[in-house]
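Single-structure report; data block below.
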Amino acid sequence: MAIKIASNKLSQAPVLKHIMKRCSSLGRKQQQHYDDVPKGHFVVYVGRKRSRYIIPISFLSHPDFQILLHQAEEEFGFDHDMGLTLPCEEQVFKSLTSMLR
């Protein structure tokens with residue numbers, strides 16, 4: 001990824017809290033869609049087809065993943081019922097998450 005964002009963990013904490021709150025409230029609102037999500041994980045949607053992935057919450061603190069979160073906030077916002085949508089191609093997402101595991 002060529003995009004660089006200045007990383008300040010103190011300013012990112014409120015964003016991460018908001019994401020976690022949204023993810024947990026989505027699970028309560030639409031429980032039938034999130035029954036397969038293990039504790040400590042959350043759902044994201046990626047790519048043009050909005051493919052669904054279940055990923056560990058620990059990814060939220062990784063700087064490269066935070067870039068995606070920032071882009072998601074700018075492009076889609078975090079206040080919608082579908083879940084967290086990330087603005088990247090599926091192959092880029094798969095490559096990133098394979099490095100984070």
Side-chain angles (χ1 to χ4, degrees):
M1 299 205 148
I3 298 175
K4 295 283 183 185
I5 296 177
S7 170
N8 181 346
K9 290 190 182 218
L10 292 177
S11 66
Q12 292 173 349
V15 173
L16 294 176
K17 272 187 173 179
H18 179 73
I19 292 167
M20 293 307 300
K21 183 178 177 183
R22 287 290 299 151
C23 290
S24 64
S25 68
L26 282 171
R28 286 191 300 272
K29 285 182 191 173
Q30 300 174 346
Q31 189 66 38
Q32 70 275 13
H33 299 290
Y34 293 89
D35 285 341
D36 62 335
V37 181
K39 187 173 184 168
H41 292 72
F42 66 105
V43 175
V44 295
Y45 296 90
V46 181
R48 282 186 237 147
K49 295 180 181 180
R50 302 291 191 254
S51 298
R52 183 177 187 261
Y53 290 89
I54 299 171
I55 60 174
I57 288 173
S58 62
F59 284 10
L60 289 172
S61 62
H62 193 280
D64 289 335
F65 197 81
Q66 287 182 7
I67 291 170
L68 279 179
L69 293 175
H70 180 71
Q71 292 171 345
E73 181 181 28
E74 287 180 350
E75 190 165 331
F76 305 115
F78 292 134
D79 193 24
H80 49 86
D81 290 336
M82 184 176 166
L84 183 59
T85 304
L86 300 176
C88 70
E89 295 298 321
E90 236 176 308
Q91 282 305 112
V92 173
F93 177 77
K94 287 179 181 180
S95 175
L96 173 64
T97 57
S98 70
M99 291 186 304
L100 299 178
R101 294 189 188 266

Take His70 and Ile67 through the test side chain to side chain contact (heavy atoms under 4.5 Å, CB included) and record every step on the way to the result.
CA-CA 5 Å; His70 180 71; Ile67 291 170; 5.8 Å; no
Check against side chain to side chain contact (heavy atoms under 4.5 Å, CB included), Asp36 and Arg52:
CA-CA 12 Å; Asp36 62 335; Arg52 183 177 187 261; 3.0 Å; yes
Quick one, Leu68 with Asp64, criterion side chain to side chain contact (heavy atoms under 4.5 Å, CB included). Give me CA distance, side-chain angles, the key distance, then yes/no.
CA-CA 7 Å; Leu68 279 179; Asp64 289 335; over 6 Å; no
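Contact check for Glu90 versus Arg48: no side-chain heavy atoms found under the 4.5 Å cut-off. Counting heavy atoms from C-beta outward, Val44 and Phe93 have side chains that approach closer than 4.5 Å.
Considering every non-hydrogen atom in both Ser61 and Ser58, the closest pair reads OG-O, 3.0 Å. When all heavy atoms of Tyr45 and Arg50 are compared, the closest pair comes out as CD2-O, 3.4 Å. Contact detail for Leu86 and Ala72: the closest heavy-atom pair is CD2-CB, 4.0 Å.
A distance of 11.0 Å separates NE2 in His62 from OG1 in Thr97, rounded to the nearest 0.5 Å. Atom NZ of Lys94 sits about 7.5 Å away from atom OG of Ser51, to the nearest 0.5 Å. A distance of 10.5 Å separates CG of Leu84 from CD of Glu73, quoted to the nearest 0.5 Å. Here the CG-CD1 distance, from Leu60 to Ile55, works out to 6.5 Å after rounding to the nearest 0.5 Å.
Relative orientation of the Phe65 and Phe42 rings is perpendicular, given thresholds of 30° and 60° on the angle between their planes.
Residues meeting the side chain to side chain contact (heavy atoms under 4.5 Å, CB included) test with His41, sequence neighbours left out: Val37, Pro38, Ile54, Pro56.
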